[in-house]
Amino acid sequence: KNEGPTAISNIEKEIFRMYPNPANSNLTFEFKDLEKNYTIDIYDLSLRKVESKIVNGTISLDVNNWTKGMYIYQVKNEGKSIANGKFAKD
């Protein structure tokens, strides 16, 4: 079983795409498996939750009014964390 950062990026490629990074006005999550519901939680670096969405397929988040900086995302399926990472808001 793969461990470390490459394991996360492999999971992301298999399950979803997130773009653009850095984000300016919109951040898109595109999931490949349309049969499943995924939860996306987004936190600022103080770990304050700034967004939480349930997604089936593709979602585009409006990040226009978000503060510039780094954010952390966590993707869950059936309550289990399956991926996490960071993105920048310009």
Side-chain angles (χ1 to χ4, degrees):
K1 183 172 165 123
N2 286 340
E3 297 296 335
T6 54
I8 294 291
S9 30
N10 289 340
I11 287 170
E12 285 179 18
K13 285 177 195 161
E14 290 171 24
I15 297 174
F16 70 95
R17 281 186 343 127
M18 180 203 69
Y19 58 90
N21 190 4
N24 190 326
S25 56
N26 288 296
L27 179 70
T28 300
F29 285 83
E30 199 175 275
F31 290 87
K32 294 183 178 169
D33 187 346
L34 303 179
E35 301 296 311
K36 293 181 180 173
N37 287 328
Y38 297 94
T39 302
I40 302 169
D41 293 326
I42 299 177
Y43 303 87
D44 63 18
L45 290 185
S46 345
L47 299 183
R48 183 179 63 91
K49 190 183 283 187
V50 294
E51 190 76 72
S52 184
K53 295 285 187 188
I54 296 173
V55 185
N56 179 285
T58 300
I59 190 169
S60 188
L61 304 174
D62 179 355
V63 298
N64 269 312
N65 297 324
W66 293 17
T67 307
K68 290 183 180 184
M70 293 297 296
Y71 289 84
I72 300 164
Y73 67 85
Q74 179 180 45
V75 176
K76 295 187 271 190
N77 175 247
E78 296 177 358
K80 182 179 163 204
S81 178
I82 56 171
N84 58 61
K86 293 181 183 171
F87 68 91
K89 160 63 171 91
D90 271 352

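We use all heavy atoms of the structure for the numbers below, so side chains are in, but hydrogens, waters and symmetry mates are not.
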Over all atoms of both residues, closest heavy-atom pair of [X] and [Y]:
X: S81; Y: K76; result: CA-CG, 3.8 Å
X: K86; Y: M70; result: CB-CE, 3.6 Å
X: D62; Y: N64; result: OD1-N, 2.9 Å

Can you tell me how far the [atom1] atom of [X] sits from the [atom2] atom of [Y], to the nearest 0.5 Å?
X: L61; Y: F29; atom1: CG; atom2: CZ; answer: 6.5 Å
X: T28; Y: N21; atom1: OG1; atom2: CG; answer: 12.0 Å
X: N24; Y: K68; atom1: CG; atom2: NZ; answer: 8.0 Å
X: E14; Y: D33; atom1: CD; atom2: CG; answer: 12.0 Å
X: K89; Y: L27; atom1: NZ; atom2: CG; answer: 11.0 Å

Donor-acceptor pair, distance only, cut-off 3.5 Å: does the side chain of N56 make one with the backbone of K36? yes

Any donor-acceptor pair under 3.5 Å from K49 side chain to I42 backbone: no

Beyond-backbone contact of [X] with [Y], side-chain heavy atoms, under 4.5 angstrom:
X: I82; Y: Y38; value: yes
X: V75; Y: I15; value: no
X: N84; Y: Y43; value: no
X: I72; Y: L47; value: yes
X: W66; Y: E51; value: yes

Could you give me the CA-CA distance, side-chain angles and deciding distance for D44 and T67, then say whether side-chain contact (heavy atoms from CB on, under 4.5 Å) is met? CA-CA 9 Å; D44 63 18; T67 307; over 6 Å; no

I54, CD1: over 12 other non-hydrogen atoms inside 6.0 angstrom: no

Any idea how Y73 and F16 line up, ring-wise: parallel (<30°), tilted (30 to 60°), or perpendicular (>60°)?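 Correct class here is perpendicular.
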
If we count only N and O atoms by modelled type, under 3.5 Å, do the side chains of D41 and S52 hold a donor and an acceptor together?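 Yes, S52 and D41 have a side-chain donor paired with an acceptor closer than 3.5 Å.
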
